[in-house]
Amino acid sequence: MESEKKQSAVSDVGAWAMNVVSSVGIIMANKQLMSSSGYAFNFATTLTGFHFAVTALVGLVSNSTGLSASKHVPLWELLWFSIVANTSITGMNLSLMLNSVGFYQISKLSMIPVVCVMEWILHNKHYSKEVKMSVLVVVVGVGVCTVTDVKVNAKGFICACVAVLSTSLQQISIGSLQKKYNIGSFELLSKTAPIQALSLLMFGPFIDYFLNGQFISNYKLSSGAIFFILLSCSLAVFCNVSQYLCIGRFSATSFQVLGHMKTVCVLTLGWLLFDSALTLKNILGMMVAVLGMIIYSWAVEIEKQANAKLAIPYAKDSMTEEEIRLLKEGVETTPIMDVELGETKS
C-alpha cells in the first residue's frame, strides 16, 4: 500500500516537472520565434496547427504500435472540445505575441478565480474557507504584478481575456471527459489533436493574415526559424501530454494554482533573454502569489484529511441489513477453534 502511494507520488511529481519544463521552454522558444528581435514568425495560429499536427502524428504512431488504446468518445463532444481548445491555445499564442512575457504570464494567473467560478457554476463545486483565502492571496499577487506591467495594448488585452475564459473551460472539460468516458489523458489527446490540427491548418493562415496582414507563404524561412519551429512543436507534445496528465490526476483549480511555480521562471527568463522589465513590485507580486500557492497546498491537504475522517464512519454505517444478517448467520454457524488444543468446540 505504501509502495503504491510512493509510486503515485513519483508519478505526480514527474507529471508536474514535465509540465513546468515544457511550458517554460515553449514560451521562450515561441517568444524567440515570434518576436521582432528574433525571427518575426508572426503566424501564431498556424504554429498552433503545426503543434497539433505533430501531436496527432505521435498519437497515431502510439495507437498503431499498441502503446495506447482507443476508446469511444462521441464526435460532437470531440468537436466542441476542439473548438474550445483551439480558441484557448490560439488566444494564448496571440497574447504572447502581442503582449510582454510578464503580462502574458500574469493573464494566466488570473485563470485561477475564473476556473473556481466556472467549476462552481458547471459542477456545483464548493470550496473551503482556506481554499478561498489562498485564491484571494494569489489574486492579490496578480494585482500587484498587473499594476506594474504597462506593456499592454487593446488587441493584446482582448486576446488575453478570450484566452483566459476559453482555457479555463478547456481545462475543466479535460477532467470531465476523462471521468465521463473513463479515458486516459493521452488517449483523449490523440482523439482531439487531429481535429484541432486540421481546423487550425485550414483557417490559421487566414486568421494570421487578418491579424498582421501577412501570408505565411510570403515568409522567408531561415535555418534558425526552422529550428525553433521544430523545437516549439516538440515541446508542444510534452506540454500537451503533461497538461492532460496533471488535470486527470488533480483538478483544473489545482493545476492552475500549483502550476504557477513556473511563473518565476518565465518572468526571470523574460528579463534575462528579452529585456522585459522586472521591477520590485513584480518581485513582490510573485512572492505573494507563491505564498498563496503554498497556502492552497495546505488547504487542499486539510480538506483531504477532513474528507478521510468523514469517510470512516460512513464506511462503518454503509452495510445493508441483508449484509448484517448474513454476517450474523456466518458467526453463529462458524465452529469455534480451540487455539491451545487445535480442536473444534461444538
Side-chain angles (χ1 to χ4, degrees), residues 19 23 73-95 103-143 145-146 157-183 185 188-189 191-192 195-196 240 242-260 263 289 292-293 295-304 306-307 310-311:
N19 183 257
S23 296
V73 179
L75 181 60
W76 72 269
E77 294 245 42
L78 295 176
L79 290 174
W80 163 248
F81 177 83
S82 297
I83 292 171
V84 175
N86 282 351
T87 305
S88 163
I89 299 177
T90 303
M92 281 297 176
N93 281 339
L94 292 174
S95 177
F103 184 77
Y104 168 79
Q105 193 61 27
I106 288 164
S107 66
K108 291 184 72 177
L109 276 168
S110 66
M111 280 187 272
I112 301 170
V114 175
V115 168
C116 290
V117 172
M118 282 190 171
E119 285 193 322
W120 173 63
I121 294 173
L122 297 175
H123 302 298
N124 196 28
K125 185 174 182 178
H126 298 279
Y127 300 91
S128 64
K129 293 180 180 179
E130 292 83 4
V131 171
K132 292 177 182 178
M133 180 180 66
S134 65
V135 170
L136 179 62
V137 173
V138 174
V139 171
V140 170
V142 174
C145 292
T146 306
F157 181 77
I158 293 172
C159 288
C161 292
V162 172
V164 167
L165 291 172
S166 57
T167 302
S168 301
L169 181 58
Q170 180 231 5
Q171 291 178 357
I172 293 172
S173 300
I174 289 174
S176 299
L177 288 174
Q178 288 188 46
K179 291 178 181 177
K180 185 176 180 180
Y181 297 103
N182 192 26
I183 187 172
S185 54
L188 179 61
L189 180 61
K191 285 185 172 294
T192 57
I195 301 174
Q196 292 178 249
N240 289 331
S242 62
Q243 180 189 24
Y244 280 53
L245 278 172
C246 289
I247 295 177
R249 289 175 173 272
F250 309 101
S251 66
T253 305
S254 296
F255 178 77
Q256 281 299 322
V257 175
L258 301 179
H260 283 301
T263 303
M293 184 178 65
I295 296 174
Y296 179 85
S297 302
W298 166 77
V300 169
E301 188 62 30
I302 293 295
E303 203 168 44
K304 284 182 180 178
N307 291 335
L310 289 173

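Judged purely by atom type and a 3.5 angstrom limit, Ser82 uses its side chain to pair as donor or acceptor with the backbone of Leu78.
In plain terms, the two heavy atoms of Leu188 and Ile174 that are nearest each other are CD2-O, 4.0 Å. Of all the heavy atoms in Leu177 and Ile183, the pair that sits closest is O-CG2, 3.8 Å. Nearest heavy-atom pair across Gly91 and Ala163 is C-CB, 3.5 Å. For the pair Leu169 and Met118, the tightest heavy-atom approach, listed with the atom from each and the gap, is N-SD, 3.7 Å. When all heavy atoms are compared, the tightest approach of Gln196 to Phe81 is OE1-CE2, 4.4 Å.
Atom-to-atom distance recorded for Ser166:OG and Gln171:CD is 9.5 Å, nearest 0.5 angstrom. In this structure, CG in Leu122 is found 8.0 Å from OG in Ser173, a value given to the nearest 0.5 Å. Between atom CD1 of residue Ile83 and atom OG1 of residue Thr192 there is a gap of 12.5 Å, rounded to the nearest 0.5 Å. For the atom pair Asn240 CG and Ser23 OG, the distance stands at 9.0 Å (nearest 0.5 Å).
The side-chain hydrogen bond (donor to acceptor under 3.5 Å, both in side chains) search around Ser176 returns His123, not counting sequence neighbours.
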